[in-house]
Every structure is written in C-alpha cells, then in structure tokens.
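Quantities reported herein were computed from a predicted structural model and do not represent experimental measurements.
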Amino acid sequence: MKKVTLRLSDGTEFHGESFGYEAPVAGEVVFNTAMMGYPESLTDPSYAGQLMVLTYPLVGNYGVPPFTFENNGLPTFMESDKIYASAIIVSDYSEKHSHWNATESLGDWLKREKVPGVTGIDTRALTKLLRTHGVMMGQLLFEDAGPACCDSSKGSVCCDAIATQSYGDINWVARVSCKEVIRYNEGAGRKVVLVDCGVKANIIRCLINRGVEVIRVPWNYDYTDMTFDGLFLANGPGDPDTCVEAVEVLKKQMSMSRKPICGICMGNQLLAKAGGARIYKLKYGHRSHNQPVREVGTNRCYVTSQNHGYAVDAATLGRDWRELFVNMNDGSNEGIRHTVNPWFSSQFHPEACSGPVDTEFMFDRFIDSL
C-alpha cells in the first residue's frame, strides 16, 4: 500500500498507508468516537469538507452494505446518495470483512467513490492533539504525488491553500443541499416542509413513517407562500453563520405564522439564530454515539448520537426562548424551545442511524403539534 502523510496546519505530521483512493485531499480534521456506523457516517452530508478520524481502532471488519434505494427514493442502508466525507483515517483497517449484509469491502467502496482512506495512523495520539489544540485543517499527501488538490465535486479544500483557508469560510450547506423541490409520501395528508441543509435519509424516513407528506426544499428556498402544516429544519455541515438566506426566510415564516417548527443539529442553530442567539465554534465538536444530555427542568437524561462542530450560545437567546436540553459533559446547549409557540429543536440526532434511538420521541412531539 502507498505511503501517506497527514500534515496538520500546525506542521505536525502522522504517517500511514493508503487503503482507499489515492489522491491528495485537504479539509478540517475531526474525530468521531463511535464504535461502529462508518457507512452511515461517511454518507452523512454533515461531514462534507472534513477528514474523519475514527478513534475505535478496528474499522472495516463488517464491510459495506449494498447501495440500494427504496421505492420512495431513499437509500436503504446509507444516509445519502454518496460519500460526503473528504477522507477517512483509522488505526487498523481490516482487509477481510464478514457480515451477512456486506457486498464489498470498505476499501473497495472508497476507491469506487474516489475517497482516500488511511490506516496505520496513531489515532489515539492524533485525537489527544485535536482535543488539546482543537480541530485544525490538514492534508493527505501521497508518496510520489504533489500537494495540488481541489476537486470541487467532492467538496474539497485546495491543498495549496491549507495554511490560509478556513473550513468556516465556505458555505458547505449550499454545496450539499438539494437543488429542487422533492416530495415524499405524496397525498398522505398533513404536509411538512423539510429545509434541506444536508439532511440524513433517516430523518426523512422517521417523518414519512409517521404518516406525513414531506416536501424537501433547498436550504435557501422561500417556502412561506406554500401550503403546509409544519416546518422541519434539517442537519447540515459547516458554520450556520454562512446560511444568512435560510435564517431570513425562517424569520419571515415565524413573523407570519405560529405553525409548528422542529429542528435537528444545524436546524437547532438556525432556529436559535432566527430567535436572536449567537453561534460559536466548539473546540473539537461532538461526534459520537454516547453524548449524555438532560432535558431542562427534569432529571431525565438521554444517551444521544451527535455530529456537530458549532453550538448555540444559550445566554444570547431572546426573552421568549428557553433551553430544552443541555449537554452533561460540557454544559453546552443541546436544544431550545419557544415559551409560547410550538417551536423547538435538538442539537443531537434523535433519528440516530447510527447510534442510540432513545430520543426518537422528538419526532412524535413534532407530529403531535401539527
């Protein structure tokens, strides 16, 4: 296997070997502590522009499921139509896989989708560095290959600009959102407009399984003149401060109607911004299956799946807003609610996939409010 160097923006280097597509790539280096779920994570649009480091040492042992689609157009086992992460970095890649539902190896899938994979990296040391320093930009350099890389189709950052370009400078939501209106479960009755900031397939599935029609619209689409019963704000990558148009449309909707609104992850941040709050970047983000959150005003705690690098500054929420959930590890905001109108959201992923489904009741609360 070809030798690969991961070079961070602070000059630190880690050396490993390639098991995926062999081409230089750059992006924000982040870590995920989940023990499984790499097919779902790789196809999560929220990882666009990022080099995903998995802390669990053994990766690839159960291969990759088939990339099939259901009659409703949703992928059966993945979270979108392709891999969105710019690369995957692991400690020990299993060249042999065994699982009843596997159709190919992780390495073969990465090569087919032209996404680099690196093994042999000390991911424990790398993670400790990222926890101390915070997430930083990085690039993968292959032996006998130059540093030039700027594949816009993969949402890549140019390697030549690695020292100066920031992940937060790019509107990643605009890159991953759908480009036209898509309808699911047409004629089901109640209609929900889903603002696609980089939505995961299981969010759509959780909604249509509850008997509603889902109208998926681009991130900056003006839906205020549409006929619908509720609004759902999806997850997505990058800095929500780049999504000015989405926030302006949301403010317009909130000034016109008391229709229920629910948000997940990026949706929580957009709802908070529309409510007057500020957003800040976390030092190294929450990317795992084991984040504990508490519902404010109760002693109920839940284990949640999360994938985000930004958070809501709850102290800046408007007077009609309250925190709904808080993170028990660092006290950061995990959801908000309006004191009068049926508007609420979660920073974590109640649809999980992969991860615990303890909080899927959030979808039921939304449906009950319609």
Side-chain angles (χ1 to χ4, degrees), residues 8-10 27-34 41 44-55 84-86 89 123 126-138 157 165-173 176 197-198 200 233-243 247 263-273 275 277-294 296 301-317 321 323-336 345-350 352 355 359:
L8 301 177
S9 56
D10 70 349
E28 185 178 53
V29 184
V30 301
F31 65 88
N32 186 319
T33 64
S41 292
D44 180 353
S46 292
Y47 276 111
Q50 294 179 325
L51 310 184
M52 183 172 65
V53 179
L54 298 185
T55 63
Y84 277 92
S86 294
I89 300 168
T123 54
L126 175 55
T127 299
K128 290 176 70 176
L129 176 63
L130 295 176
R131 283 177 60 92
T132 302
H133 179 282
V135 294
M136 63 182 91
M137 299 298 287
V157 176
Q165 192 166 19
S166 169
Y167 174 80
D169 292 339
I170 298 172
N171 186 342
W172 294 102
V173 167
V176 304
C197 298
K200 293 173 62 182
L233 311 171
N235 65 290
D239 187 345
D241 285 342
T242 64
C243 301
V247 174
I264 289 176
C265 199
M266 172 70 78
N268 177 62
Q269 297 161 9
L270 296 181
L271 185 61
K273 283 181 65 64
R278 291 195 299 267
I279 308 297
Y280 66 97
K281 188 175 178 65
L282 293 166
K283 186 175 182 178
Y284 46 81
H286 299 156
R287 298 174 182 90
S288 64
H289 290 167
N290 61 349
Q291 288 287 329
V293 304
R294 179 177 60 84
V296 174
C301 290
Y302 305 95
V303 179
T304 66
S305 178
Q306 302 195 16
N307 175 18
H308 62 99
Y310 295 82
V312 174
D313 182 353
T316 63
L317 284 167
W321 293 87
E323 283 194 282
L324 181 55
F325 298 96
V326 294
N327 190 291
M328 297 301 287
N329 284 335
D330 62 11
S332 62
N333 175 260
E334 290 287 353
I336 63 173
S345 55
S346 66
Q347 187 61 59
F348 53 86
H349 282 265
T359 56

Please name the pair of heavy atoms, one in A311 and one in Q269, separated by the smallest distance, quoted to 0.1 Å. N-NE2, 4.1 Å
Closest heavy-atom contact between V173 and P237? CG2-O, 3.3 Å
Is the shortest side-chain heavy-atom distance between V30 and L51 below 4.5 Å? no
Is it true that N235 and H308 share a donor-acceptor pair across their side chains at a distance under 3.5 Å? no
Any non-hydrogen side-chain atom of D239 less than 4.5 Å from a side-chain atom of K281? no
Short question: side chain of K200, backbone of A352 - any donor-acceptor pair under 3.5 Å? yes
Any side-chain heavy atom of L126 sitting closer than 4.5 Å to one from L8? yes
Decide side chain to side chain contact (heavy atoms under 4.5 Å, CB included) for N333 and N268; before the verdict, give the C-alpha distance in whole Å, the side-chain angles of both, and the deciding distance to 0.1 Å. CA-CA 10 Å; N333 175 260; N268 177 62; 3.3 Å; yes
Please check if the distance between the ring centroids of F31 and Y284 is under 6.0 Å. yes
Side-chain contact, heavy-atom cut-off 4.5 Å: V296 with E323? yes
Euclidean distance, F325 CZ relative to Q347 CD, rounded to 0.5 Å: 12.0 Å
Positive for side chain to side chain donor-acceptor pair (under 3.5 Å) with Q291, one of D330, N327, T304: N327
Taking every non-hydrogen atom, the tightest pair across M136 and S9: CB-OG, 3.5 Å
Contact check, side chains of N329 and P292, non-hydrogen atoms, under 4.5 Å: yes
Assess the residue pair S346 and L324 against the criterion (side chain to side chain contact (heavy atoms under 4.5 Å, CB included)); give the C-alpha distance rounded to whole Å, side-chain angles, the decisive distance to 0.1 Å, and a yes or no. CA-CA 8 Å; S346 66; L324 181 55; over 6 Å; no
Taking the side chain as every heavy atom from C-beta outward, state whether P350 and I264 have any pair of such atoms under 4.5 Å apart. yes
Hey, mind stepping through N171 and C243 against side chain to side chain contact (heavy atoms under 4.5 Å, CB included) and telling me if it holds? CA-CA 7 Å; N171 186 342; C243 301; 4.3 Å; yes
Interatomic spacing from OG in S288 to CD in Q306 - rounded to 0.5 Å: 6.0 Å
Would you sort out whether I336 and L317 count as a side chain to side chain contact (heavy atoms under 4.5 Å, CB included), showing the intermediate values? CA-CA 9 Å; I336 63 173; L317 284 167; 3.9 Å; yes
Separation between CG of D313 and NZ of K273, rounded to the nearest 0.5 Å: 11.5 Å
Decide yes or no for H286 and S332: does some side-chain heavy atom of the first lie under 4.5 Å from some side-chain heavy atom of the second? yes
For P240, does its backbone N or O pair with a side-chain atom of Y310 as donor and acceptor, under 3.5 Å? no
More than 12 heavy atoms of other groups within 6.0 Å of K283 NZ: yes
Measuring from atom SG of C265 to atom CG of L233, what distance do you get when rounded to the nearest 0.5 angstrom? 12.0 Å
Thinking salt bridges, do D241 and R278 make one under a 4.0 Å N-O criterion? no
What distance do N32 atom CG and Q50 atom CD have between them, rounded to the nearest 0.5 Å? 10.5 Å
Taking every non-hydrogen atom, the tightest pair across H289 and S305: CD2-OG, 3.5 Å
Is a side-chain donor or acceptor of W321 paired with a backbone partner of T316 at a separation under 3.5 angstrom? no
Please tell me if the side chains of M266 and S46 come closer than 4.5 Å, counting only heavy atoms from C-beta onward. no
Return the CE to OG distance between M137 and S166, rounded to the nearest 0.5 Å. 7.0 Å
Side chains of D44 and N307: is there a donor and an acceptor less than 3.5 Å apart? yes
